[in-house]
Amino acid sequence: MQEWANQLCENRQFGSKMTDSKYFTTTKKGEIFELKAELNSDKKEKKKEAVKKVIASMTVGKDVSALFPDVVNCMQTDNLELKKLVYLYLMNYAKSQPDMAIMAVNTFVKDCEDPNPLIRALAVRTMGCIRVDKITEYLCEPLRKCLKDEDPYVRKTAAVCVAKLHDINAQLVEDQGFLDTLKDLISDSNPMVVANAVAALSEIAESHPNSNLLDLNPQTINKLLTALNECTEWGQIFILDCLANYTPRDDRESQSICERVTPRLSHANSAVVLSAVKVLMKFMEMLPKDLDYYGTLLKKLAPPLVTLLSAEPELQYVALRNINLIVQRRPEILKHEMKVFFVKYNDPIYVKLEKLDIMIRLASQANIAQVLAELKEYATEVDVDFVRKAVRAIGRCAIKVEQSAERCVSTLLDLIQTKVNYVVQEAIVVIKDIFRKYPNKYESVIATLCENLDSLDEPEARAAMIWIVGEYAERIDNADELLESFLEGFHDESTQVQLQLLTAIVKLFLKKPTETQELVQQVLSLATQDSDNPDLRDRGYIYWRLLSTDPVAAKEVVLAEKPLISEETDLIEPTLLEELICHIGTLASVYHKPPSAFVEGSRGVQHKRLPGSAGSGESVESPDTGSTAAAVSEAPPAVIPSQGDLLGDLLNLDLTPPTTTGPIPPPSSGMQMGAMDLLGGGLDSLVGLDTTMGTGFGVPPAAMPASFSAPVSSGLDDLFDLGGGVGMPMGAYSPPKTVWLPAMKAKGLEISGTFARRAGVIQMEMTLTNKAMSVMTDFAIQFNRNSFGLAPAGPLQVLTPLSPNQSIEVTLPLNTVGPVMKMEPLNNLQVAVKNNIDVFYFSCQYPISMLFVEDGKMERQVFLATWKDIPNENESQFQIKDCHLNSDAASNKLQGSNIFTIAKRTVEGQDMLYQSMKLTNGIWVLAELRVQTGNPNYTVSLKCRAPEVSQCVFQGYEAVFKN
């Protein structure tokens with residue numbers, strides 16, 4: 001359609017009369033016969049008029065394919081306008097008339113040698129648009145000539161034609177050597193030819209991600225940057241997008257590219273500006289923070305982004321969605337530009353809401369007074385959605401900027417006094433969050449909140465108010481009466497309110513048992529006997545059993561101290577944010593979803609990452625991380641975002657193997673470790689100060705539900721019966737499955753599983769069982785950071801919905817390229833599984849032998865030298881009891897788990913096996929195994945540069961032998 005539009009515009013500019021609309025008005029019968037006669041007329045003018053009528057009929061959807069041979073006969077003309085029209089007709093109907101289309105080939109070939117460059121370009125462009133296999137082979141020779149044409153207009157058109165031809169027949173393009181010619185065009189003297197060559201190669205590379213067509217090197221980059229200054233707008237965008245895929249060798253090259261791209265920020269076209277911003281955002285990652293140029297670049301990025309906000313609303317919205325991403329990554333760029341995000345009275349609602357979001361992200365102690373004054377003003381607007389968001393924003397400010405909390409609460413109380421129903425309800429919802437963030441600070445306002453109890457009609461506000469009453473029941477004299485008033489219409493309430501009411505009344509009972517016994521029995525009866533909601537019933541039964549068997553335990557569970565809520569619960573998780581930054585200026589940056597979430601097929605779904613920072617002392621995920629072990633103990637309390645936000649994160653999961661960004665924190669001075677560590681070089685990253693989940697959830701393990709951090713009790717006593725992977729086709733140990741996630745902890749979902757190593761691939765083998773009453777779908781899985789960087793190598797493949805009482809076997813391949821953090825124990829793995837019902841957490845332990853790789857056999861001389869080189873204090877000795885294998889059988893059994901015997905010697909009737917194994921991160925473990933005939937106890941001595949792993953390796957030995 002784009003081609004048609006371009007051609008029609010060109011025709012009109014070519015001198016067509018302004019009365020072309022007359023061609024669209026005729027509705028005569030027998031029109032096809034008249035047109036046939038006119039097309040075969042001897043008069044050139046009549047012939048042109050007839051072709052225009054044919055094109056008009058085609059445009060309004062009439063079938064004029066019967067005229068194909070007559071229109072093709074009109075190609076033999078010198079009139080450029082007529083030729084364009086005929087080519088337009090050919091593009092549309094060649095697919096339905098492939099045999100007839102071949103008639104036009106000779107004319108195409110002839111036109112490709114026409115003295116007029118416009119006709120040569122037109123011919124090659126049209127041939128590229130005719131998607132008929134029979135014609136493509138005839139296209140090769142003319143295309144080859146046009147790629148080397150003396151006229152740059154023809155060359156640039158031919159470059160795009162290569163991409164079109166590749167889409168039709170990729171093998172043909174490769175065989176004919178067009179890709180090499182296309183690469184040569186990057187060195188062309190004409191910038192538009194360079195831009196089109198880059199665009200064509202990028203298009204081909206997208207559909208063939210592993211082809212490495214755009215082999216970018218400093219010389220090529222230099223040519224692209226030279227062409228950048230003289231290209232059209234589209235050409236500049238193609239080149240900038242190509243630059244964004246390049247990874248500079250060092251910070252100097254990065255700075256050099258940034259300096260040459262920066263002038264594009266002042267371009268009039270917003271697409272060029274955003275493409276330049278994308279390049280600069282990516283290359284800034286490699287610039288040291290203390291560099292003067294880094295600060296200059298930050299200052300230069302702000303004005304063009306601000307200028308985008310003076311465009312029409314639709315462009316503003318696109319700019320704001322991109323700015324939202326930029327602010328999450330680098331808030332310092334726009335920290336002084338708060339005023340440009342203040343809402344104007346005539347902004348459309350979608351612009352207002354987006355501006356509001358960015359205002360909160362930029363709010364700081366320096367500008368909070370200004371922001372609050374604006375937000376209070378917005379809360380009196382007429383647009384209900386906007387007012388609601390403004391009230392929520394005040395609450396978010398209180399949570400984000402502690403110094404402003406008191407002023408925020410005061411503002412919210414003023415808004416409650418307005419008695420505007422939806423304002424009051426939103427205010428109560430956010431005050432609940434403020435109570436969670438600052439316990440025992442603002443509870444004096446509870447009385448005011450209780451006055452508005454009768455006006456609450458929205459589930460979220462009612463649930464928030466009930467939570468407040470239950471949580472602070474000891475401070476509210478008539479708490480039982482207030483909760484009882486909600487109980488009267490219990491079955492008419494939403495599930496959210498029913499669950500909150502049940503918990504609140506149980507809390508009240510635990511605080512005032514004598515006065516509320518009847519009330520708690522009433523709510524438990526309603527929840528368990530009269531309700532058909534399984535979640536409500538389950539919670540009711542749990543509370544009932546807790547209260548009836550162990551009230552002290554019930555008090556510890558229900559009234560446990562709650563973790564503080566986090567400052568920003570709607571931040572995009574870091575891995576996804578990195579990918580979206582790499583897609584600034586595209587649809588992905590507007591949707592805030594990776595291309596793979598909305599692009600069908602294989603095209604355009606490559607996962608991009610920002611390069612690692614250079615010279616930066618901070619990690620993206622925890623900018624304030626300290627550098628010593630002392631900093632860990634003085635860290636602020638752990639915080640968790642609300643459950644809804646975890647769900648949001650999981651729904652947008654990027655399920656590719658995650659990569660770390662930013663430098664590794666320096667080692668703790670207090671840790672006594674060897675020269676090497678679990679990561680294969682320097683023990684620094686084992687200290688792992690950043691405790692957020694490595695690939696998705698901003699959730700510190702310290703604040704996880706108990707089920708996450710505690711070991712799973714069922715069947716995990718013999719956890720290290722996990723022998724190790726499958727280094728050999730037969731005989732390798734794979735432990736039996738144990739229950740990792742009981743159904744009662746996961747709303748009916750039970751997960752049992754084990755780990756194995758099969759053909760060199762680490763696998764997590766699970767059985768998912770649905771013990772609930774509803775169907776389960778939309779499964780996804782994420783791992784927390786762990787000692788060896790274990791991460792899913794792909795999505796959790798549950799291809800069909802899991803029906804009630806159904807079980808399904810799932811095998812998840814794993815890799816070891818994920819983020820790393822030292823766990824306790826070392827082989828502990830914390831997992832989050834999401835389905836359409838909720839997000840569930842559990843922890844399990846994998847056998848260390850699963851991480852022993854197949855190339856772990858050391859040469860004898862190297863073994864001897866390494867054993868001597870490792871300090872004696874790194875040697876650990878263990879007893880393995882009740883083993884009844886001779887030394888050869890023991891050696892064979894261990895080799896199945898990639899524990900290799902290097903040498904064997906016998907001393908005084910005792911066999912001594914010298915063994916080596918290598919972990920996935922490159923750490924070598926050396927062992928001496930002593931086996932005495934008749935003695936069921938073996939002795940194993942382990943030596944390793946990271947002695948922390950010795951205990952786990954011993955347990956691996958034990959598990960393999962006792963299988």
Side-chain angles (χ1 to χ4, degrees), residues 320-321 324 327-328 338 341-343 347 349-364 367-402 404-438 442 445 448-449 452 455-468 496 500 564-572 592 639-649 698:
L320 287 164
R321 293 292 280 173
N324 200 324
V327 164
Q328 287 186 54
M338 177 64 86
F341 299 106
F342 286 174
V343 170
D347 280 339
I349 183 65
Y350 54 87
V351 171
K352 285 181 176 178
L353 294 176
E354 208 56 40
K355 281 185 173 179
L356 203 53
D357 210 28
I358 294 168
M359 281 171 63
I360 306 306
R361 298 203 190 288
L362 291 174
S364 64
N367 57 27
I368 194 70
Q370 240 182 342
V371 173
L372 276 178
E374 277 289 308
L375 293 176
K376 193 171 181 183
E377 199 66 36
Y378 300 162
T380 59
E381 286 269 345
V382 289
D383 191 305
V384 176
D385 287 340
F386 182 53
V387 171
R388 284 176 182 278
K389 186 134 184 178
V391 176
R392 294 232 169 180
I394 294 170
R396 282 174 63 187
C397 282
I399 290 165
K400 186 175 180 185
V401 185
E402 188 170 350
S404 73
E406 199 158 330
R407 194 182 302 173
C408 291
V409 171
S410 168
T411 305
L412 289 168
L413 287 175
D414 291 346
L415 292 172
I416 288 173
Q417 297 307 329
T418 63
K419 300 293 181 186
V420 178
N421 187 267
Y422 55 86
V423 175
V424 171
Q425 306 206 63
E426 287 297 327
I428 285 173
V429 171
V430 296
I431 285 174
K432 180 202 80 171
D433 289 341
I434 292 171
F435 285 168
R436 286 283 307 273
K437 177 71 176 175
Y438 307 110
Y442 301 109
V445 306
T448 312
L449 302 182
N452 295 280
S455 64
L456 307 180
D457 54 17
E458 291 171 15
E460 196 175 3
R462 289 171 76 82
M465 192 65 229
I466 290 167
W467 182 88
I468 291 168
Q496 181 183 9
Q500 202 58 262
L564 307 182
I565 61 169
S566 67
E567 291 174 7
E568 300 224 18
T569 56
D570 61 340
L571 287 175
I572 295 172
H592 286 188
V639 292
I640 62 167
S642 66
Q643 190 76 345
D645 298 304
L646 288 181
L647 265 173
D649 283 349

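The figures that follow rest on heavy atoms only: side chains count, while hydrogens, waters and symmetry mates do not.
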For [Y], is there an ion pair with [X] - N to carboxylate O distance below 4.0 angstrom?
{"X": "Lys352", "Y": "Asp383", "result": "no"}
{"X": "Asp357", "Y": "Arg361", "result": "yes"}
{"X": "Arg388", "Y": "Glu458", "result": "yes"}

Taking the side chain as every heavy atom from C-beta outward, state whether [X] and [Y] have any atom pair closer than 4.5 Å.
{"X": "Tyr378", "Y": "Ile394", "result": "no"}
{"X": "Phe386", "Y": "Leu356", "result": "yes"}
{"X": "Asn324", "Y": "His592", "result": "yes"}
{"X": "Asn452", "Y": "Lys419", "result": "yes"}
{"X": "Val420", "Y": "Thr380", "result": "no"}

Non-hydrogen atoms of [X] and [Y] that approach each other most closely:
{"X": "Val371", "Y": "Met338", "result": "CG2-CE, 3.4 Å"}
{"X": "Arg407", "Y": "Ala369", "result": "NH1-CB, 3.1 Å"}
{"X": "Ala379", "Y": "Leu415", "result": "CB-CD2, 3.6 Å"}
{"X": "Ala461", "Y": "Gln425", "result": "CB-OE1, 3.4 Å"}
{"X": "Ser455", "Y": "Val424", "result": "OG-CG1, 4.4 Å"}
{"X": "Ala398", "Y": "Tyr438", "result": "O-OH, 2.6 Å"}

Is [X] reaching over with its side chain to a backbone N or O of [Y], donor-acceptor style, under 3.5 angstrom?
{"X": "Lys376", "Y": "Thr411", "answer": "no"}
{"X": "Glu374", "Y": "Phe342", "answer": "no"}
{"X": "Tyr422", "Y": "Val387", "answer": "no"}
{"X": "Asn367", "Y": "Ser364", "answer": "yes"}

task = Apply the test side-chain contact (heavy atoms from CB on, under 4.5 Å) to residues Ile431 and Val409: give CA-CA distance (whole Å), side-chain angles for both, the deciding distance (0.1 Å), then the verdict.
result = CA-CA 7 Å; Ile431 285 174; Val409 171; 5.6 Å; no

For [X], does the [atom1] atom sit with more than 12 other heavy atoms under 6.0 Å from it, leaving out its own atoms?
{"X": "Glu402", "atom1": "CD", "answer": "no"}
{"X": "Glu377", "atom1": "CD", "answer": "no"}
{"X": "Glu406", "atom1": "CD", "answer": "no"}

request  = Please round to the nearest 0.5 Å and tell me the distance separating atom CD1 of Ile358 and atom CZ of Arg321.
outcome  =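 Output value for this atom pair is 9.0 Å.
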
task = Supply the atom-to-atom distance Ile368 CD1 to Cys408 SG, rounded to the nearest 0.5 angstrom.
result =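 Here the rounded value is 5.5 Å.
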
request  = For Leu412 and Ile434, run side-chain contact (heavy atoms from CB on, under 4.5 Å): C-alpha distance rounded to whole Å, both residues' side-chain angles, the deciding distance at 0.1 Å, then the answer.
outcome  = CA-CA 11 Å; Leu412 289 168; Ile434 292 171; 3.7 Å; yes

task = Check the pair Tyr442 / Leu413 against side-chain contact (heavy atoms from CB on, under 4.5 Å), numbers first and verdict last.
result = CA-CA 11 Å; Tyr442 301 109; Leu413 287 175; over 6 Å; no

message = One pair to check against side-chain contact (heavy atoms from CB on, under 4.5 Å): Arg396 and Asp433. What are the steps and the verdict?
response = CA-CA 9 Å; Arg396 282 174 63 187; Asp433 289 341; over 6 Å; no

